[in-house]
Each structure stands twice: as C-alpha cells, then as structure tokens.
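Let me begin by presenting the structure, written as structure tokens, before commenting on it.
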Amino acid sequence: MLLSVDRSEASAEQSISFDVIAAVAEREGIDPVELEPPEYDALYDVINPEALDALFATRENGRNRPTGRVEFPFCGYHVVVTSDGDVDVSPLE
C-alpha cells in the first residue's frame with residue numbers, strides 16, 4: 001500500500017486516500033496492504049494522495065469545504081470520491 005502520506009499522527013478517522021485503497025482492495029478480495037506494485041498501480045501514480053485528502057479536509061478555521069467530487073481510474077476501476085466521504089468503486093468500461 002504505497003501511499004506518500006505521513007501516518008505518524010494518524011487520527012481516529014482514516015484518510016480519503018486510504019479509503020480509496022481499502023475500497024479497491026475489497027473489490028479485489030485482498031487486504032489493503034497487499035495493494036502494491038508491481039501487481040497493482042500505486043495510488044500516487046494516478047492522483048496525489050495528499051492533495052486528495054486535503055481537498056475534502058476541514059479547513060483550518062473549522063469550516064467544511066464546499067461539496068464536490070473527484071473521479072479517476074485506479075487499478076482497473078472507476079473511482080468516485082465525494083465531499084461527504086463516500087468512495088464508490090466500479091469496473092472501468
């Protein structure tokens with residue numbers, strides 16, 4: 001599970017980037033730590049994990065960010081991440 005995310009200060013909440021990896025791993029029927037190159041794409045080769053996490057993170061002033069969504073291909077799946085924290089993974093067509 002190659003993420004370029006510093007987990008030294010992990011919170012009770014998982015990051016959106018980890019949720020993406022976990023959702024794809026679930027579809028593949030494997031543990032998230034097994035989702036590694038060369039068999040699988042690295043998330044950071046497709047999208048910047050830190051930017052994805054920051055995009056939907058609470059602002060420094062405590063206010064939520066506006067609604068939105070990000071879509072990208074990853075490991076043969078179409079991934080949709082929404083501002084409410086949902087991660088939808090479906091096969092690429």
Side-chain angles (χ1 to χ4, degrees):
M1 175 184 62
L2 294 173
L3 276 177
S4 57
V5 175
D6 180 5
R7 303 299 250 157
S8 60
E9 294 183 28
S11 65
E13 264 184 58
Q14 294 290 338
S15 66
I16 291 287
S17 55
F18 181 83
D19 291 344
V20 168
I21 289 172
V24 170
E26 182 177 336
R27 294 286 291 216
E28 290 289 302
I30 62 172
D31 191 273
V33 296
E34 296 176 45
L35 198 70
E36 289 191 344
E39 189 174 348
Y40 296 96
D41 299 329
L43 183 58
Y44 59 76
D45 285 339
V46 177
I47 192 167
N48 182 321
E50 288 124 354
L52 180 62
D53 293 340
L55 185 62
F56 298 122
T58 304
R59 292 181 177 167
E60 287 183 20
N61 65 6
R63 295 180 64 203
N64 289 335
R65 297 197 184 268
T67 59
R69 64 192 280 148
V70 175
E71 300 181 35
F72 55 92
F74 178 54
C75 292
Y77 295 96
H78 178 79
V79 178
V80 178
V81 179
T82 60
S83 57
D84 59 5
D86 287 339
V87 175
D88 182 52
V89 176
S90 58
L92 282 174
E93 295 183 14

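All heavy atoms count here, side chains included; hydrogens, waters and symmetry mates do not.
Summarising the geometry of Ala23 relative to Val89, their closest heavy-atom pair is CB-CG2, 3.5 Å, with the distance given to 0.1 Å. For the residue pair Pro32 and Ile21, the shortest heavy atom distance occurs at O-CG2, 3.9 Å. Here the closest heavy-atom approach between residue Phe74 and residue Val79 is recorded as CB-CG2, 4.0 Å. Listed here is the closest heavy atom pair of Ser17 and Asp53: N-OD1, 2.8 Å.
Looking only at distances, no side-chain donor or acceptor of Asp88 sits under 3.5 Å from a matching main-chain atom of Val80.
Within the structure, the salt bridge (charged side-chain N to carboxylate O under 4.0 Å, His left out) test picks out the following pairs touching residues 70-80 (sequence neighbours left out): Arg69-Glu71. Note on residues 18-32: no pairs pass salt bridge (charged side-chain N to carboxylate O under 4.0 Å, His left out), not counting sequence neighbours.
In terms of the side-chain hydrogen bond (donor to acceptor under 3.5 Å, both in side chains) criterion, Asn61 has no residue partners (sequence neighbours excluded). Legend: residues meeting side chain to side chain contact (heavy atoms under 4.5 Å, CB included) with Asp84, ordered by chain and number and at least two apart, are Thr82, Asp86. With sequence neighbours excluded, the residues satisfying side chain to side chain contact (heavy atoms under 4.5 Å, CB included) with Ser83 are Phe56, Thr67.
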| request: Begin with the C-alpha distance, continue with both residues' side-chain angles, and end with the deciding distance and a verdict on side-chain contact (heavy atoms from CB on, under 4.5 Å) for Val24 and Leu43. | output: CA-CA 11 Å; Val24 170; Leu43 183 58; over 6 Å; no

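Considering only heavy atoms from C-beta on, Val81 stays 4.5 Å or farther from Leu55 through its side chain. At least one side-chain heavy atom of Ile30 sits under 4.5 Å from a side-chain heavy atom of Tyr40. Two residues are said to be in side-chain contact when any heavy atoms from C-beta on lie closer than 4.5 Å; Val20 and Tyr77 fail this criterion.
The local environment of CZ in Arg59 is crowded, with over 12 non-hydrogen atoms from other residues, nucleotides or ligands closer than 6.0 Å.
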